[in-house]
Peer 1: 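Sharing a structure, written as structure tokens. Questions coming.
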Amino acid sequence: MSVLDAPVTSAGPAAPTTGLTPVFVRLKLTLLRNGLRQSSGRKAVFITSLVFTLLLAAGQVLGLVLLRGNEHAGTVVVLLTGVVALGWAVLPLFFPSGDDTLDPTRLVMLPLRPEPLIRALLVSSMIGIGPLFTLCLVVGSAIALAHGAAGVVFAVLAVPLTMLLCVALSRAVATANVRLLNSRKGRDLAVLSGLVIAVGIQFVNFGAQRLGQAGGLSTLEPAGDVVRWLPGASAVASVDAASDGAYGVAVAQLLITAAALAALMWMWQRTLVRLMTSPDGSTLAAAGPAREESGRGGLSALLPEGRTATVMQRSLRYVARDPKTKAAWVTALAVGAIVPLLNAVQGTGSVYFACFAAGMLGMQMYNQFGQDTSAFWMVALTISSPRDAYVELRARALVLLLLTLPFTLLVCAVTAAVIGDWQALPGALGLSFALLGSMLATGAVASALFPYSIPQEGAFKNVVPGQGGLAWISILGGMVAAALLAAPVIVPTIWMHVTDHHDALWLLVPGGLGYGALVGWAGLRIAARRTANRLPEILAAVSKG
């Protein structure tokens with residue numbers, strides 16, 4: 001029996017929990033402050049992320065305020081709130097963030113009762129850049145819809161209720177899946193979770209695209225009529241109803257969100273108790289003797305002897321066995337296929353949407369050394385020169401190409417078949433090859449210049465506290481640089497389409513392939529020198545988890 005459900009007896013007084021929420025809030029702020037004190041670079045990254053988020057939120061709020069009085073404002077705002085709520089349920093799993101105050105498995109041995117614990121976790125989860133951005137959107141939505149005294153009253157109730165629902169939804173989903181990527185036998189479930197997350201993100205993506213179609217807002221009204229009765233958006237919808245004088249409808253919609261919040265809190269509490277009081281059966285040793293792997297067979301027999309074969313086998317084993325690496329790859333494969341094919345099926349896509357597959361898989365090149373976690377010290381011992389670093393990075397890039405090239409060819413061909421535009425297929429292939437080579441180059445350089453740690457514990461944390469902004473800037477900056485590097489192929493592609501030289505698009509296949517190989521080779525060379533010169537800094541950065 002765990003301390004969560006152990007009864008209070010005369011053996012000792014119960015631990016005080018009345019001040020648990022302030023303690024968790026102070027702990028969250030302390031962790032954030034201490035993380036920023038570790039280096040000026042981390043502080044600069046955090047401040048940059050905060051400023052960017054505030055500017056983006058200010059623009060969103062301004063846009064929502066300008067919708068005030070528009071006949072379609074209710075539909076747009078309700079759908080936007082629904083997309084935000086869905087994002088809170090999906091995105092924290094795909095882009096993990098947070099700190100140890102939000103990891104319930106670290107609190108098992110503390111004398112805490114479930115009710116005060118979930119209240120403290122809920123309130124401390126409100127601190128962060130993500131909740132701040134969401135609060136701005138919800139406040140802007142309420143301002144856009146509130147008219148009259150009744151609308152203002154319902155807005156005052158709807159804003160905190162919506163925020164609590166979003167955060168509770170995120171925490172409940174995270175708690176329910178917290179063992180998913182921590183267990184060894186649960187790694188297969190992690191793959192399924194990656195697929196679900198990938199599909200969920202695409203619903204968020206396409207929902208946001210529909211909201212951006214300013215010329216067809218009336219077509220969103222049927223969807224808005226449904227979403228306004230769903231918990232994620234019903235509270236904001238009640239503001240619209242109260243402003244129109246439909247007080248009964250407004251009360252009902254507000255009660256839907258309140259009931260959903262209560263249900264989420266109840267489910268979260270039950271899941272938390274079960275998580276912290278029951279053993280994880282998936283960690284039990286598998287029955288039967290372990291199989292010894294010996295000799296060179298299968299893929300290893302096809303690889304050359306030496307460091308390249310060793311590194312490639314190690315990287316492939318990460319993909320097959322490490323839960324977080326496997327989930328990242330499966331999710332990238334799913335998203336890379338869903339985006340172009342779903343657009344093609346809807347009749348709104350282009351063959352060039354298939355380049356998204358190369359882009360998603362190219363992202364796996366970023367933070368190569370962080371994927372090794374603290375075991376990177378063994379790799380670092382084998383790197384004594386830029387040549388060693390180059391062979392290491394080249395082998396990792398070859399693994400990525402081994403999986404990415406056939407998948408990119410398949411997605412491009414299937415997309416062209418669905419759309420029926422075989423003429424543009426060579427252009428899409430050439431552009432994909434150039435983009436992939438550019439991302440290999442920038443990913444290798446970013447791995448050397450901006451490494452960050454991936455914590456081994458925590459199913460939904462891929463960045464240690466305080467390095468989240470560094471990870472985002474590293475990836476986003478690398479993607480922008482990759483797009484610029486691919487410009488010599490992007491520009492001719494656009495020119496051929498504009499000038500109607502479609503017959504010459506086949507030249508982009510060898511051109512994009514050769515250019516991508518050249519850029520990738522140059523990037524690996526540059527990254528090798530940086531890696532050899534910065535081994536101590538890289539080792540320190542990736543070992544923090």
Side-chain angles (χ1 to χ4, degrees), residues 50 52-70 72-92 95 97 122-173 203-204 207-208 210-212 220 223-224 226-244 249-262 264-265:
L50 180 60
F52 177 78
T53 301
L54 290 176
L55 291 176
L56 182 60
Q60 294 289 335
V61 171
L62 179 60
L64 289 170
V65 171
L66 293 177
L67 276 176
R68 185 178 176 88
N70 188 284
H72 301 298
T75 300
V76 173
V77 167
V78 166
L79 289 177
L80 175 62
T81 309
V83 170
V84 170
L86 180 61
W88 270 93
V90 176
L91 295 182
F95 301 107
S97 60
L122 182 65
V123 174
S124 62
S125 299
M126 295 285 184
I127 302 174
I129 296 178
L132 177 61
F133 180 75
T134 303
L135 178 62
C136 293
L137 289 183
V138 176
V139 170
S141 300
I143 294 175
L145 298 181
H147 298 280
V152 173
V153 171
F154 275 85
V156 171
L157 297 174
V159 169
L161 201 57
T162 303
M163 282 297 302
L164 289 173
L165 179 72
C166 289
V167 176
L169 178 62
S170 172
R171 292 296 96 203
V173 171
F203 279 117
V204 175
R210 293 296 299 274
L211 289 178
L220 299 178
V226 175
V227 174
R228 68 176 60 247
W229 290 99
L230 298 179
S234 61
V236 173
S238 69
V239 180
D240 191 26
S243 299
D244 293 338
V249 173
V251 172
Q253 290 173 334
L254 198 65
L255 288 178
I256 287 175
T257 299
L261 177 60
L264 277 174
M265 297 293 289

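These values consider heavy atoms only, across backbone and side chains, with no hydrogens, waters or symmetry-generated copies.
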Peer 1: Check S170 against W88 and note the closest heavy-atom contact, atom names and distance.
Peer 2: CB-O, 3.3 Å
Peer 1: Can any side-chain N or O of S243 pair as donor or acceptor with the backbone N or O of L145 at less than 3.5 Å?
Peer 2: yes
Peer 1: Would L165 and L161 count as a side-chain contact (heavy atoms from CB on, under 4.5 Å) here? Give the steps.
Peer 2: CA-CA 6 Å; L165 179 72; L161 201 57; over 6 Å; no
Peer 1: Would the distance check show the side chain of R228 and the main-chain N or O of V236 forming a donor-acceptor pair, the cut-off being under 3.5 Å?
Peer 2: no
Peer 1: Walk me through it: do L132 and L50 pass the test side-chain contact (heavy atoms from CB on, under 4.5 Å)?
Peer 2: CA-CA 10 Å; L132 177 61; L50 180 60; 4.1 Å; yes
Peer 1: For residues V227 and G82, report the shortest heavy-atom separation together with the two atoms involved.
Peer 2: CG1-CA, 4.3 Å
Peer 1: Start with the C-alpha distance between L67 and V76, add both sets of side-chain angles, then the distance that settles side-chain contact (heavy atoms from CB on, under 4.5 Å), and finish with yes or no.
Peer 2: CA-CA 9 Å; L67 276 176; V76 173; 3.8 Å; yes
Peer 1: For T257, which residues count as a side-chain hydrogen bond (donor to acceptor under 3.5 Å, both in side chains) partner, sequence neighbours excluded?
Peer 2: S234
Peer 1: Testing the basics here: between V159 and A142, what is the closest heavy-atom pair and its distance to 0.1 Å?
Peer 2: CG2-CB, 3.8 Å
Peer 1: Please give me the minimum heavy-atom distance between Q60 and L137, naming the atom from each residue.
Peer 2: CB-CD2, 3.3 Å
Peer 1: Measure the spacing between CD of Q253 and CG of D240 and express it to the nearest 0.5 Å.
Peer 2: 8.0 Å
Peer 1: Do any N or O atoms from the side chain of T81 and from the backbone of V77 form a donor-acceptor pair under 3.5 angstrom?
Peer 2: yes
Peer 1: Of all heavy-atom pairs between V78 and A237, which one has the smallest distance, and what is that distance?
Peer 2: CG2-CB, 3.9 Å
Peer 1: For F133, look at atom CZ and say whether over 12 heavy atoms of other residues, nucleotides or ligands are found less than 6.0 Å away.
Peer 2: yes
Peer 1: Could you tell me the separation between the CG atom of L80 and the OG1 atom of T75, rounded to the nearest 0.5 Å?
Peer 2: 12.5 Å
Peer 1: Which value, rounded to the nearest 0.5 Å, describes the distance between I143 atom CD1 and L66 atom CG?
Peer 2: 11.5 Å
Peer 1: Indicate the atoms forming the closest heavy-atom contact of L64 with S141, along with that distance.
Peer 2: CD1-N, 3.6 Å
Peer 1: Do M126 and L164 have side chains that get closer than 4.5 Å, going by heavy atoms?
Peer 2: yes
